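I have placed the structure first, in the form of structure tokens, so that the comments after it can refer back to it.
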Amino acid sequence: MSNSADLDACFALMRTLVQRRHEPIHRQLSQIAHRYSMLHLDVLLLVYHLAEISAGAVLEIGAFLGGATMAAVLGGRASGREKTIITIEPGGSVTHEKLGSRNILRDLERNLAKQRMRENVTLVKGHSFAPATVAAVQNTLAGEKIGLLILDADGAVERDLNCYATMMQDGCWTIVDDFFGPPDNVKVSSTRAEVDAFVRKGVLVPFGLYGWGTWVGQWRQVRGNL
């Protein structure tokens, strides 16, 4: 923590999470987590909360089956403001005993439609670093800044921040999955090393680890550049 204000904000976020666990949204997100997400329920609650309180748009990189996307939509609705929510997903397939998919993009769109959220989300199909994807995000934002960034792709944090940093507002809430996990996991090692490097530069400010190892913090443009 760089100062006492950041430390106070860190504890405030923890207290808010505990409060959210006792609200009706907890049950709703619990059902979403069971059906559509590999993220911990606490992380989905934070996505909901930060989508509700943050100014600006939400950008998610790595939607998979849509659990965090749905949490962001619900948070946007709770804010009472029209919220731009963009999710990037390249598609493919995943083998998993509970949440496997032979066609991720098909299942993602189907899940969002089933929850009556498809119209709330701009789905960009492709890799986050592809020029066409970056251009699509920029066009959708139309000058609006990103207030919440969710990274849950392949562990290439620096690459994705290089692509979207200029679109992020100072103080942009940032959620990075797979910061903690098995030491021999390549994605975890890459994620942690790259996040830690940004923290040392003062560009990312940590607010805590939640769930099974998801990093939560803020992007501070005023303290450094990529």
Side-chain angles (χ1 to χ4, degrees), residues 20 24-52 57-78 83-130 133 136-137 140 146 148-157 160 164 173-182 185-188 190-191 210-216:
R20 294 293 193 184
I25 188 62
H26 181 271
R27 181 176 181 181
Q28 188 173 2
L29 288 178
S30 177
Q31 295 172 345
I32 286 173
H34 178 73
R35 298 174 184 173
Y36 308 119
S37 183
M38 293 186 186
L39 293 172
H40 193 280
L41 176 56
D42 278 353
V43 176
L44 293 184
L45 282 166
L46 284 175
V47 170
Y48 168 88
H49 172 68
L50 297 176
E52 180 182 11
V58 177
L59 175 62
E60 176 188 29
I61 299 177
F64 190 41
L65 299 181
T69 318
M70 296 173 191
V73 170
L74 291 171
R77 289 176 179 174
K83 184 80 69 169
T84 300
I85 299 174
I86 306 168
T87 188
I88 300 171
E89 175 54 56
S93 62
V94 169
T95 300
H96 188 272
E97 61 181 11
K98 177 184 174 184
L99 294 172
S101 173
R102 294 181 179 179
N103 188 325
I104 293 172
L105 282 171
R106 177 200 64 195
D107 292 341
L108 172 60
E109 293 203 77
R110 182 181 295 171
N111 295 341
L112 291 173
K114 185 176 181 180
Q115 296 297 319
R116 298 181 180 179
M117 298 183 185
R118 181 65 185 90
E119 67 279 5
N120 301 113
V121 179
T122 297
L123 172 59
V124 180
K125 302 175 182 179
H127 293 284
S128 60
F129 52 87
T133 301
V137 171
T140 301
I146 299 164
L148 170 60
L149 175 67
I150 305 164
L151 297 177
D152 189 11
D154 56 4
V157 176
D160 286 335
Y164 299 100
W173 287 100
T174 306
I175 296 176
V176 186
D177 193 35
D178 296 306
F179 179 87
F180 188 84
N185 185 299
V186 175
K187 181 181 177 182
V188 169
S190 173
T191 298
Y210 291 88
W212 292 296
T214 300
W215 187 96
V216 178

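Keep in mind that this is a model prediction, so the values were computed, not measured.
The distance from the CD atom of Glu109 to the CG atom of Asn103 is 9.5 Å, given to the nearest 0.5 Å. To the nearest 0.5 Å, atoms CG (Asp177) and OH (Tyr210) are separated by 15.0 Å. Atom CZ of Arg110 sits about 5.0 Å away from atom CZ of Arg106, to the nearest 0.5 Å. Rounding to the nearest 0.5 Å gives a distance of 10.5 Å between OG1 of Thr87 and CE of Met70. Rounded to the nearest 0.5 angstrom, His34 NE2 and Lys98 NZ are separated by 5.0 Å. For the atom pair CD1 (Ile150) and CG (Leu50), the distance works out to 8.5 Å, reported to the nearest 0.5 Å.
Remark: the backbone N or O of Ala63 is not paired with any side-chain donor or acceptor of Thr69 at under 3.5 angstrom. Between the side chain of Ser190 and the backbone N or O of Val186, no donor-acceptor pair lies under 3.5 Å. Listed for the Arg118 side chain is a donor-acceptor partner under 3.5 Å among the backbone atoms of Val121. Within the 3.5 Å criterion, the main-chain N or O of Asp178 finds no donor-acceptor partner in the side chain of Lys187. The main-chain N or O of Leu65 is found under 3.5 Å from a side-chain atom of Asn111 such that the two form a donor-acceptor pair. Proximity of a side-chain donor or acceptor of Tyr164 to a complementary backbone N or O of Ser128 within less than 3.5 Å is detected.
Among pairs with a residue in residues 91-129, those fulfilling ring-ring contact (aromatic ring centres under 6.0 Å, His included) read His127-Phe129, at least two apart in sequence or across chains.
Considering only heavy atoms from C-beta on, Gln28 stays 4.5 Å or farther from Tyr48 through its side chain. Two residues are said to be in side-chain contact when any heavy atoms from C-beta on lie closer than 4.5 Å; Glu60 and Glu89 fail this criterion. Contact check for Lys83 versus Asn120: no side-chain heavy atoms found under the 4.5 Å cut-off. No side-chain heavy atom of Thr84 sits under 4.5 Å from any side-chain heavy atom of Thr122. Counting heavy atoms from C-beta on, the side chains of Leu99 and Phe64 come closer than 4.5 Å. Contact of the Leu29 side chain with the Arg20 side chain is not registered, since no non-hydrogen atoms from C-beta on lie closer than 4.5 Å. Looking at Leu41 and His26, their side chains come closer than 4.5 Å, going by heavy atoms from C-beta outward. Looking at heavy atoms from C-beta onward, Thr174 lies in side-chain contact with Trp215 at the 4.5 angstrom threshold.
When each of Ile61, Val124, Leu123 is paired with Ile86, the side chain to side chain contact (heavy atoms under 4.5 Å, CB included) condition holds for Val124 and for no other. Here the options are Ile175, Leu44, Ile32, the test is side chain to side chain contact (heavy atoms under 4.5 Å, CB included), and the partner is Leu39; only Leu44 passes.
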Query - Derivation and outcome, side-chain contact (heavy atoms from CB on, under 4.5 Å), residues Leu59 and Ile88 - result: CA-CA 8 Å; Leu59 175 62; Ile88 300 171; 3.9 Å; yes
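Closest approach of Asp107 and Ser101 over heavy atoms only: OD2-OG, 2.6 Å. Nearest heavy-atom pair across Ala72 and Val47 is N-CG1, 3.7 Å. Across all non-hydrogen atoms, the minimal contact from Gly76 to Ala51 is N-CB, 4.1 Å.
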